[in-house]
Number of protein chains: 2
Amino acid sequence: MDNLNVLDIFKALSNETRLNILRWLREPEKNFPAQQAHLPKEVSIEGGVCVGDIQEKVNLSQSTVSHYLSLMQKAGLLEAVRYGQWTYYRRNEETLAKITKFINEEI
Amino acid sequence: MDNLNVLDIFKALSNETRLNILRWLREPEKNFPAQQAHLPKEVSIEGGVCVGDIQEKVNLSQSTVSHYLSLMQKAGLLEAVRYGQWTYYRRNEETLAKITKFINEEI
DNA sequence: ATCTTATATCGAATTAATTCGATATGTCAA
DNA sequence: TTGACATATCGAATTAATTCGATATAAGAT
């Protein structure tokens with residue numbers, strides 16, 4: 001249980017906005033409009049939402065949101081997929097599962 | 001899921017010392033010497049360790065440790081039982097169980 | 001009553017997180 | 001190749017967390 005940095009994960013989770021982003025990304029269709037409107041039909045980034053859509057919902061500056069997403073990615077909570085000029089972020093379920101396990105077994 | 005303040009919990013967990021305290025309190029007998037030496041035989045605070053013992057292990061100032069324990073208690077991660085001049089802190093398993101549930105079901 | 005010991009609280013210094021606007025980078029379209 | 005748009009990074013201001021030593025409180029022992 002050491003490829004996951006628990007402290008960084010908990011830090012990332014201890015902010016309301018970041019927690020919300022994670023929750024919203026559980027159901028992107030429900031929480032974000034215009035799903036993947038920039039992607040051609042044949043491309044699909046399952047569960048991914050671009051920074052702009054997240055920023056609009058979050059209502060913080062573009063730089064702050066970008067920074068937050070990057071933090072969450074470094075913590076392993078999100079993964080980023082770039083398509084053209086867009087970056088799509090989606091949940092990294094593997095890490096989420098690992099934290100649960102970690103809390104249960106080690107904390 | 002609203003009597004638990006998730007943000008305060010994650011904040012409390014995002015510090016190495018505090019995380020360690022929680023882990024050590026899983027097995028107090030193993031991690032702290034002189035278990036409940038101040039208590040008379042007929043009194044037992046199941047799983048509880050007094051501030052002094054925790055402070056010794058943590059190696060931070062008395063005031064810092066006291067502050068940390070209080071933070072964790074307010075977050076619901078620990079509960080405090082006072083006996084005489086000593087305060088015994090022990091894990092609050094209920095909250096721990098709730099966070100796991102929260103992560104699984106809501107995050 | 002006084003002294004000691006355990007813990008809590010206060011005030012302050014230092015370090016880290018939050019958040020922004022400005023700017024840089026990278027990509028697509030004309 | 002220039003312009004427009006999406007995102008990332010930088011530098012700085014503000015706010016919050018960390019941590020300490022000093023002091024307060026509370027209980028037990030003399």
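Note that this is a predicted model, so its numbers are computed, not measured. All chains are named by letter (A, B, ...) in the order of the sequence lines, taking the proteins before the strands, and each is independently numbered beginning at 1.
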(message) According to ring pair (Phe, Tyr, Trp, His ring centres under 6.0 Å), who are the partners of B:W24, at least two apart in sequence or on a separate chain?
(response) none
(request) Strictly below 4.0 Å, heavy-atom distances to any atom of DNA chain D: list the hits from residues 81-89 of chain B, or just say none. (result) B:G84, B:Q85
(request) Taking salt bridge (charged side-chain N to carboxylate O under 4.0 Å, His left out) as the test, write out the residues that go with B:R23, two or more places apart. (result) A:E106
(request) Just report the end-to-end axis angle for the helix from C:dT4-D:dA27 to C:dA30-D:dT1, five pairs per end, to 10 degrees. (result) 20°
(message) Is any side-chain heavy atom of A:I103 closer than 4.5 Å to one of A:F10?
(response) yes
(message) For DNA chain C, which residues of residues 57-65 of chain A approach it to below 4.0 angstrom with any heavy atom?
(response) A:L60, A:S61, A:S63, A:T64
(request) Shoot me the first and last contacting nucleotide of DNA chain C against chain B, ordered 5' to 3', at under 4.0 angstrom to non-hydrogen atoms. (result) C:dT5 to C:dT9
(message) According to salt bridge (charged side-chain N to carboxylate O under 4.0 Å, His left out), who are the partners of A:E29, at least two apart in sequence or on a separate chain?
(response) none
(message) Does any part of the side chain of A:Y89, heavy atoms only, come nearer than 4.5 Å to the side chain of A:V51, both counted from C-beta?
(response) yes
(request) State, with a plain yes or no, whether a side-chain heavy atom of A:Y88 is found less than 4.5 Å away from one of A:H38. (result) yes
(message) Do A:L13 and B:V6 make a side-chain contact, defined as non-hydrogen atoms from C-beta onward lying under 4.5 Å apart?
(response) no
(request) Would you jot down, in residue-number order, the residues of residues 11-23 of chain B having a non-hydrogen atom under 4.0 Å from DNA chain C? (result) none
Donor-acceptor pairs under 3.5 angstrom involving side-chain atoms of residues 65-75 of chain B: please list them, not counting sequence neighbours.
{"residue": "B:Y68", "atom": "OH", "partner": "B:N15", "partner atom": "ND2", "Å": "3.4"}
{"residue": "B:S70", "atom": "OG", "partner": "B:K74", "partner atom": "NZ", "Å": "3.3"}

(message) Quick check: do B:L19 and A:I107 have side-chain heavy atoms less than 4.5 Å from each other?
(response) yes
(message) Can a donor-acceptor pair be found, under 3.5 Å and without considering hydrogens, that links the side chain of A:T95 to the backbone of A:G76?
(response) yes
(message) Show every salt bridge (charged side-chain N to carboxylate O under 4.0 Å, His left out) that has at least one partner inside residues 76-86 of chain A, sequence neighbours left out.
(response) A:E79-A:R90
(request) Taking the side chain as every heavy atom from C-beta outward, state whether A:N20 and A:V58 have any atom pair closer than 4.5 Å. (result) no
(message) Is the shortest side-chain heavy-atom distance between A:L77 and A:R91 below 4.5 Å?
(response) no
(message) Could you tell me how far apart A:Q55 (CD) and D:dA6 (C1') are, to the nearest whole angstrom?
(response) 11 Å
(message) At 4.0 Å (heavy atoms only), tell me whether B:H67 reaches a base, stays on the sugar-phosphate, or touches nothing.
(response) base
(message) Going by the rule side-chain hydrogen bond (donor to acceptor under 3.5 Å, both in side chains), which residues pair with A:R18 if we only count those two or more places apart in sequence or in a different chain?
(response) none
(message) Per the side chain to side chain donor-acceptor pair (under 3.5 Å) rule, what does the pair list look like for residues 39-57 of chain A, sequence neighbours excluded?
(response) none
